[in-house]
Amino acid sequence: MTDALFPLSAAADDDLLKGLNPPQREAVEYRGPALLIVAGAGSGKTRVLTHRIASLLRSREAWPSQILAITFTNKAAGEMRERVEQIVGDSARGMWISTFHSACVRILRREAEQFGFTKAFTIYDSGDSRALLKRLVREREADALGLTPAGVQSRISKLKNELADAESYARDANMNDPAERKFVEIFGDYQRELQKANAFDFDDLIAQTVFLFRAFPHVADVYRKRFRHILVDEYQDTNHAQYQLIRELTRPVQAEAAGGMVFEDEPAASLTVVGDSDQSIYAFRGADIRNITEFERDFPGAKVVLLEQNYRSSQNILDAANAVIRNNFDRKDKRLWSDQGEGEKIVGFTGYSQHDEAQFVADEIEKLRRSGIDYQQMAVFYRTNSQSRALEEIFIRAAVPYKIMGGTKFYDRAEIKDALAYLVAVANPADEMAVRRILNKPKRGIGDVTETTIARFAADNGLSFRDALAHPAEMGLGPKLQKAIAQLDEVLREASGILFPASGEQAPSSAVTEGLQVLLNKSGYLDALRMSRDPQDEARVENLDELVAVTREFARNNPEGTIVDFLTEVALVADTDDLDDESGAVSLMTLHTAKGLEFDAVFVTGVEEDLIPHRISAGEPGGPQEERRLFYVGITRARKRLYLSLAMTRAQFGEVTVAMPSRFLQEIPAALIDWKQSPGDVNSRGGTQSRALNARRPGGSSDRWGVKPLPAGGGLKPKSTAMDRFPGLVTNKVRDNGDLELAAGDRIRHDDFGEGTVDAITGEGAKRIAHVRFDEAGAKKLLIKVAPIAKL
DNA sequence: GTGCGTATTCTTTTT
DNA sequence: GAATACGCAC
């Protein structure tokens, strides 16, 4: 199909291009083998992408089934599908809009039989694969060589993202190193176990699809012919395996003629990728920024379109974002701009503790709410999931409605994993891990010894672990154990009858619910929880009810859905809360989760050294730069209001530590931030003059915070560093009052707040906090160790 | 085999 | 501070 046969109709043209700026139009209209859209934050890339798809469909250049659109998250996929449907209606149906992982699962399920798997293969999440590796590490006594399950897991994951397998790795590895040899053994074991269990881990989903395409070109050709237009979103976050997958799919289809002559049957599919190297935040997971920077080399003749106009944020927010990101060297200069006006200043706040910080956030959220911003238009970001707890505690007390995106997932709960393991045991009996997991849940008196006995019996008789359960009498076990095993076997059998009817017909989608209920009830799992006196078990029963409700919902949405479809959805769709949630709650999430979203008001919390940039990233090459991009992503989510907050002390490991302001804060020009309470207000001795909060110098106390714009022309002068600017703050050389003893009733003098009376002392040792009522500045909490105070 | 108490380690980010 | 690991008693 060509443009000549199906020219764009004028009507379609108008409609789809209306309101787009020139580069956006170009990105929608360009036709050619390869297109790279460099889309800055908030530059309307989703709009461009959806309109491009719609334009292909409207002009009849492509059938829906010829389009493959890849997004990074399921949420983004859902959103894109919805938006395309809004434009082109039902014809959006046949398109593949999904994540890399879902698309690969679809392909693998179709082709599984080609290479020794069945359609019902299980998908191991990271917890599953860690459990498996734990066993292998123990069996091989690899811990003696310093190998841990987590370490092995991450190495294997990295290797798979590079499309390496145990054999290819072994070729280049130093096999004289015993630890290295052991690792190779375990890698090999792990892969064999997966194969035996008819299972793929997350990384396999991509890598095995690539291997499949390479090993079976005729299979690959089917997909090459089918997908004529491939669009990849968040291209900067693709890893090598994903990149190779795209390459495989965009090869021209070659057909071999009778005489052995090769000619091109069909040209390569057209490829559109959208990305922003400034928003690459998944290098830790193997994302290779070069995939985007070297796009033009890899796809000669590629068209590049730059989208730099931002339609999301006010100029102040963009200025801050630009100022931060330009500190990353080795990037193409790119400046976001907006015509929406300056907007409000960014608000800064420093709390004494993470609770103090959380209280500030809660207070501001209430203020915003009163000013007319809905809760669902506000979001709070943090670097690590553990930071959400302090926020939750305060939000609950302050009655701020909130929802946590991602984080501890519903499907990570033990009872849910148990229930799913029951379903897996039925759907994919080869999955030994699943069967082992449920073997003694609820307690049946089957421990390690019995488990091993069963495994040995299975091996001796050439049975699978699951099938061995049908022969309890032959294992030399006691009558009690025999009965327990027979009963488990019976329950699995019954559920199997429901989910896979003997008639050979496909079970109705309602069978999933029915099967799950049978498994939970007749196995005694639910009874055991109900009888328990542990109050947590009550919640577990409720969670299981919830899971049953999920299966009903699934059956409703997928009338043709099978148990395998259900398990796929559960394995790949991480969070339960989706975007159609109109619950009117503030969203809490990590900075990573925040990518691709936007809110009227955004709070970036914990802007501290060791958090952002995270301590662990400091030693890794490119780590601090990636952290800066992460911070940049957080900032650019905000439409109207941006808050940056931190705490001077933070509890982690159950211990309170002193926190330092993040180096990124000083990269933001001072004029952009209005500090409600700057780090200097909290514990720095600061300037030479007394400076009570209510007696600020003109311009506020904030001008020590943030760097003035660099002199025009860049200048070769080295940039000021944290050390110059914040003596005693960003270094470890904090003022130390040593063992200054204070007690309630004492009078003290504070460099900034003047004189006051101590009300109370809380905390211990170096983390003692004085609650002080100042004569002028009012009530304050001070960290005794570092506060600029003296006893009178 | 199970249950309980104590010791130890741990936390980056996700499909 | 929490989740897991290990040791010991029943």
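Every chain is numbered from 1, with letters handed out A, B, ... down the list of sequences.
- Comparing L630(A) and V449(A) by the nucleotide of DNA chain B that holds the closest heavy atom to each, the one mapping nearer the 5' end is V449(A).
- Put simply, N385(A) has no side-chain N or O that comes within less than 4.0 Å of OP1 or OP2 on dT12(B).
- Residue-level contact check: Y282(A) touches the backbone only, with heavy atoms under 4.0 Å from sugar-phosphate atoms and none from bases.
- Using a 4.0 Å heavy-atom criterion, one finds that N440(A) contacts the sugar-phosphate atoms exclusively.
- At a threshold of 4.0 Å, the pair D233(A)-K45(A) counts as salt-bridged, since one of the basic side-chain nitrogens sits closer than that to a carboxylate oxygen.
- Across dT11(B) and dC6(C), the matching C1' atoms stand 22 Å from one another, rounded to whole Å.
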From CA spacing to verdict: ring-ring contact (aromatic ring centres under 6.0 Å, His included), F284(A), H614(A):
CA-CA 12 Å; F284(A) 73 92; H614(A) 196 276; over 10 Å; no

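- With hydrogens and angles disregarded, no donor-acceptor distance shorter than 3.5 Å links the side chain of H240(A) to the backbone of D288(A).
- As a whole-Å value, the separation of R130(A) CZ from dC10(B) C1' is 11 Å.
- The CG-P distance, from D610(A) to dT12(B), rounds to 12 Å in whole Å.
- Checked by distance alone, H592(A) brings a side-chain donor or acceptor within 3.5 Å of a matching partner on the base of dT13(B).
- At the heavy-atom level, R389(A) lies under 4.0 Å from the strands shown only through sugar-phosphate atoms.
- Going from atom CZ of R135(A) over to atom P of dA5(C) covers 16 Å, rounded to whole Å.
- Ring-base stacking between F284(A) and dT13(B) is satisfied, the centre separation being under 5.5 Å and the plane angle under 30°.
- Annotation: of the two residues near DNA chain B, L481(A) and F72(A), the 5′-most nearest-nucleotide partner is L481(A).
- In this structure, K134(A) reaches the sugar-phosphate backbone alone: every heavy-atom distance under 4.0 Å involves primed, P, OP1 or OP2 atoms, never a base.
- To the nearest angstrom, P of dT11(B) lies 20 Å from CD of E608(A).
- The closest side-chain heavy-atom distance from D565(A) to N558(A) is not below 4.5 Å.
- Separation of the C1' atoms belonging to dT12(B) and dA5(C) is 24 Å when rounded to the nearest angstrom.
- Between K480(A) atom NZ and dT2(B) atom C1' the separation is 12 Å, expressed in whole Å.
- Looking at heavy-atom distances under 4.0 Å, T450(A) makes contact with sugar-phosphate atoms alone, never a base.
- Between T593(A) and dT14(B) there is a side-chain N or O to OP1 or OP2 distance below 4.0 Å.
- Using a 4.0 Å heavy-atom cutoff across all strands shown, T590(A) reaches sugar-phosphate atoms only and no base atom.
- Per the geometry, CE belonging to M405(A) stands 12 Å off P belonging to dT14(B), to the nearest Å.
- Rounding to whole angstrom units, NE2 of residue H614(A) and P of dT14(B) are separated by 12 Å.
- Under the side chain to side chain contact (heavy atoms under 4.5 Å, CB included) rule, Q244(A) has a single partner from N239(A), L163(A), I206(A), L249(A), which is L163(A).
- Inter-residue side-chain proximity for R383(A) and E608(A) is flagged as unmet; no heavy-atom pair is nearer than 4.5 Å.
- Of the candidates dT2(B), dT15(B), dT12(B), dT2(B) carries the atom nearest the K443(A) side chain, counting heavy atoms from C-beta on.
- Atom CZ of R615(A) and atom C1' of dC10(B) are 11 Å apart (whole Å).
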